[in-house]
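Per chain, numbering begins at 1; letters A, B, ... match sequence-line order.
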Amino acid sequence: MLAKDYSKEIEEKWQKIWQENNVYAFDEADALKPKTENPKPIYSIDTPPPFTSGELHMGHVLSYSFFDFIARYKRMNGFNVFYPQGWDTQGFPTEVKVEKKYGKLAPTEFRQKCVEWTYKFIAKMKAQMIEMGFSPDWRYEYRTMDSNYHRKVQFSLIEMYKKGEIYRAAYPVHWCPNCVSAIAKAELEDLERETLLNYISFTGHNGEQLIIATTRPELIPACVAMMFNPTDERYKHLKGKIATTPFGDEVPIIADKDVEKEFGTGLMMVCTFGDKMDVVWTHRYKLQFKNVINQYGKMQNVGEFNNLKAEQARIKILEKLKTDGKLIKQEKKSQIVKIHDRCKTPVEFITSMQWFGDIKAKAGKIKEFAKQIEWIPSFGISYLTDWIDNVDWDWVISRQRIFGTPLPFYYCEKCDRTAIADELPFYAEKAKSKICLCGNEMKPETSTCDCWVDSSITPLIIAGWPNEKMLEKIYPLSLRPQGVEIVRTWAFYTIYRSGILTNKAPWKTILLNGNVLAPDGKKMSKSLGNIISPQQLQTKYPVDAIRQWAALSGAMAKDRPFSYEDLRYAKSFLIKLWNSTKLVEISTENYLEEEKKLRLVDKWIIGRMNETIRDFTAHMEAFEYHYAMNKLYQFYWHDFCDNYLEYVKHRIYTPQIYGEKSKKAAQYVMKYVLYNTIKLIAPITPHISEEIWQKFFKEKESIHRAHWPKIGIIDTNAIASAQIANEIVKILRQYKAVNKKAMNSILSFVKMRAPNIQDFEEDICGVIKIQKLEIEKSNNIELVCAEFAPEKSS
RNA sequence: GGGUUCGUAGUGGAGCGGUUAACACGUCUGCCUUACACGCAGAAUAUCAGAGGUUCGAAUCCUCUCGAGCCCACCA
């Protein structure tokens with residue numbers, strides 16, 4: 001007997017059993033079989049390793065549900081599914097929290113604390129994943145902080161170094177003075193703020209007053225040129241001349257098309273480095289470097305202003321300029337500054353020695369790999385190509401952090417030569433000494449990798465690289481599912497790195513999903529207080545309802561607000577499925593498949609079942625879960641429960657009137673529909689499907705090892721005829737509703753004309769409850785009419 | 001400024017050349033009909049953003065305008 005209600009206890013029971021029985025195990029032995037032994041086809045998923053923040057958010061729940069639908073669907077379709085799960089562990093947020101708790105520690109100890117901290121967080125997130133019913137094969141779990149993972153990342157970097165892809169060089173990089181580290185362009189965020197635009201007087205070669213406008217007067221000591229637009233009549237006479245800054249430096253005056261005439265006075269200064277355009281201009285005109293800001297964001301090489309923070313120096317310098325009469329005027333101005341996404345500190349440009357990945361030279365190659373991949377939706381590739389076209393310089397892969405993968409290199413401070421580590425994994429603190437070709441002792445690199453260096457080889461890591469045995473079986477992987485917002489990082493770097501290392505695109509298909517917005521349609525954020533926590537939902541709703549919510553939110557690569565309506569609807573579907581199953585249970589007690597006589601409505605619902613199998617399957621193939629589920633709701637809830645089950649009740653309850661064979665047929669059809677329906681929804685709602693399966697069908701140890709339904713007979717004539725019966729029922733129900741009669745009230749007299757009378761007379765009269773029915777056969781299928789006698793007390 | 005996605009009932013959203021413009025939530029009406037009232041039945045609600053055009057026919061294709069989201073660039 002089915003329990004009275006569907007409950008979370010049922011879900012937890014199956015989660016346990018699935019774990020214990022390894023229902024989702026990837027069959028490695030089968031995968032390694034030679035082709036001649038017909039191994040099952042492999043379907044491999046390069047699942048995103050979430051950052052170990054300690055808690056899943058709704059975005060995770062949405063996207064990981066998708067991955068799980070795919071894995072379960074493919075398993076039921078005969079694939080040997082390889083679905084590992086990893087963790088992106090290393091990063092600044094963890095360092096911040098660990099430092100807050102333990103204070104400053106030596107690197108080795110600090111890293112150890114970070115590792116311990118991360119293990120706790122992984123445990124929480126993993127429990128949540130299991131509670132969501134996700135079905136990765138946990139035997140292949142990986143963490144980017146593991147020494148084995150380090151070893152592979154380092155090996156990959158050495159391989160790339162040998163190919164000339166990785167190099168160390170001095171370059172202006174985006175620099176966070178708070179983190180004291182270089183950061184990548186992808187880590188920048190915009191901050192809009194109010195600032196002062198200062199008009200400051202420079203001196204021309206003949207004593208002329210030249211006024212420039214700047215928001216960063218503290219950089220005047222780093223001024224290396226003045227500029228104006230070549231079409232600007234006011235300044236044409238200055239071209240090629242020399243000007244003197246308020247600090248007495250002589251700088252050239254250059255005409256350049258990128259100068260905005262309308263901004264300030266149309267005359268400007270170029271510094272090392274106020275912003276990105278300064279960097280561009282410095283390289284364009286081979287200007288000298290004047291580094292006045294150090295790695296901590298403090299002034300240097302500026303005499304009396306040394307060691308002041310940039311903002312303090314700005315105040316002091318403005319005071320000085322004012323006293324000297326060089327500050328002409330100030331006006332308020334709103335400005336957008338680049339800040340570091342993790343600590344929100346305004347970013348500087350600083351010249352320093354960093355390690356780079358050679359992405360600019362490989363832009364064409366990366367695009368080629370990208371084109372070999374099927375992008376779903378297809379416009380997704382444009383996010384990647386647009387990004388590639390806008391890359392200004394190479395990828396800075398080094399970070400001056402501790403909890404990260406150490407870069408496996410040495411460098412020589414004297415001659416700038418570099419060398420690779422000989423033993424992996426490599427850690428600077430334990431590094432062996434190495435003598436440079438110049439005779440100097442080399443320094444082991446203490447910088448760590450950008451976290452995207454770690455995660456950009458996940459397809460290789462899970463495929464067992466560099467071991468060829470598994471690699472050749474599952475690389476390129478079948479699928480990379482990921483968020484649309486990290487195309488320019490994760491997808492881009494993975495295509496670059498995995499592509500360079502294997503000379504193949506890493507996956508056959510990339511599937512992009514959108515984000516979950518708050519119910520108000522805005523981004524979820526702490527400041528707006530509109531965050532929905534999955535954990536809270538899990539206490540109130542069955543997991544199978546939350547998973548349906550994910551399916552319903554599934555328009556690809558599009559953001560959608562979180563919807564409690566969807567969730568409640570999903571929950572009521574579970575209740576519907578449960579209660580209807582109970583009806584099937586009591587209706588089919590002691591049923592043995594015997595001789596049966598299918599009636600019109602039976603053929604109709606069988607036909608609709610098979611239409612649903614056909615459509616549902618097509619939508620699953622196309623990753624269109626919302627369409628799939630909508631088809632199923634329509635079929636199961638409305639066609640099957642609301643109509644079919646009502647139509648056949650009288651056949652079940654009173655076989656003495658309608659015949660045993662008719663009852664048997666109804667019983668058969670009920671089981672048939674239930675059997676196929678729970679299989680279809682098993683990938684979306686695995687728990688309730690399993691419970692029903694185990695109670696009624698149990699052909700295999702789990703429904704998740706069962707075979708996907710095949711499309712059977714779709715009797716289009718039966719479907720068309722039954723539609724007419726449905727119409728008649730609808731008209732009669734309408735009559736009762738309009739005349740405010742109870743649905744179970746008995747109509748005293750009904751007369752109708754319709755085709756196929758014999759076929760549906762018996763099928764429908766049990767539902768509409770008619771005392772006296774007159775049916776007239778008519779060839780006109782369109783014409784269905786009902787006439788009603790005045791009601792008599794019955 | 002460039003790219004991209006999109007503007008359809010109160011809300012969320014299908015439909016993408018011919019439909020009475022789906023479905024769900026919400027609203028209104030009736031019904032506790034031997035699985036389910038967390039249900040069933042019925043009803044109302046849409047200048048398909050606006051303006052042109054192509055077509056026998058457009059929510060659907062094209063052009064422009066207006067508006068929104070996301071990504072990118074960006075004023076020193």
Are [X] and [N] close enough that a side-chain N or O sits under 4.0 Å from OP1 or OP2?
{"X": "A:Tyr564", "N": "B:rG26", "result": "no"}
{"X": "A:Trp637", "N": "B:rC40", "result": "yes"}
{"X": "A:His638", "N": "B:rA24", "result": "yes"}
{"X": "A:Lys4", "N": "B:rC36", "result": "no"}
{"X": "A:Tyr627", "N": "B:rG15", "result": "yes"}
{"X": "A:Lys576", "N": "B:rC40", "result": "yes"}

Find the distance A:Asp566:CG to B:rA24:C1' and express it as a whole number of Å. 7 Å
Hey, what are the protein-to-nucleotides 66-71 of chain B N/O distances that come in under 3.5 Å?
residue	atom	partner	partner atom	Å
B:rC71	O3'	A:Arg488	NE	3.3

With a non-hydrogen cut-off below 4.0 angstrom, is [X] in contact with a base, only sugar-phosphate, or nothing?
{"X": "A:Asp642", "result": "sugar-phosphate"}
{"X": "A:Met277", "result": "sugar-phosphate"}
{"X": "A:Lys649", "result": "base"}
{"X": "A:Ser580", "result": "base"}

Reading RNA chain B from 5' onward, which residue's closest nucleotide shows up sooner: A:Gly266 or A:Ser563? A:Ser563
Assuming nearest nucleotide by heavy-atom distance, tell me which of A:Arg216 and A:Cys641 is located more 5' along RNA chain B. A:Cys641
Consider only side-chain N and O atoms of A:Ser7 and A:Asp5, and report whether a donor and an acceptor are under 3.5 Å apart. no
A:Ile253 and A:Leu238: which non-hydrogen atoms are nearest, and at how many Å? CB-O, 3.7 Å
For nucleotides [N] and [M], find the distance between their [atom1] atoms and express it as a whole number of Å.
{"N": "B:rG30", "M": "B:rC66", "atom1": "C1'", "answer": "46 Å"}
{"N": "B:rC48", "M": "B:rU60", "atom1": "P", "answer": "10 Å"}
{"N": "B:rA43", "M": "B:rU47", "atom1": "C1'", "answer": "23 Å"}
{"N": "B:rC38", "M": "B:rU55", "atom1": "C1'", "answer": "50 Å"}
{"N": "B:rG7", "M": "B:rG50", "atom1": "P", "answer": "13 Å"}

A:Tyr668: ring pair (Phe, Tyr, Trp, His ring centres under 6.0 Å) partners, not counting sequence neighbours: none
Any residue meeting ring pair (Phe, Tyr, Trp, His ring centres under 6.0 Å) with A:Tyr591, in chain and number order, not counting sequence neighbours: none
Would you call the rings of A:Tyr644 and A:Phe640 parallel, tilted or perpendicular, where under 30° means parallel and over 60° means perpendicular? parallel
Which class fits the ring pair A:Phe66 and A:Tyr625: parallel under 30°, tilted 30 to 60°, perpendicular over 60°? tilted
All side-chain contact (heavy atoms from CB on, under 4.5 Å) counterparts of A:Lys371, not counting sequence neighbours: A:Ile381
Nearest to the side chain of A:Pro561, heavy atoms from C-beta on, is which of B:rU34, B:rG13, B:rC36? B:rG13
From the candidates B:rC25, B:rC74, B:rA35, the one with an atom nearest any side-chain atom of A:Lys276 is B:rC74
Using Watson-Crick and G-U wobble pairs with both distances under 3.5 Å, what is the 5'-to-3' dot-bracket string of RNA chain B, with [ ] for crossing pairs and | for pairs outside the strand? ((((((((.[[[..)..(....]]].(((((.......))))).....[[[[[..)....]]]]])))))))....
Applying salt bridge (Lys or Arg N to Asp or Glu O under 4.0 Å), which residue pairs with at least one partner in residues 625-644 of chain A are found, sequence neighbours left out? A:Arg608-A:Asp639, A:Asp615-A:Lys631
Run A:Trp452 and A:Tyr496 through ring-ring contact (aromatic ring centres under 6.0 Å, His included) and show every step you take. CA-CA 11 Å; A:Trp452 296 114; A:Tyr496 164 62; over 10 Å; no
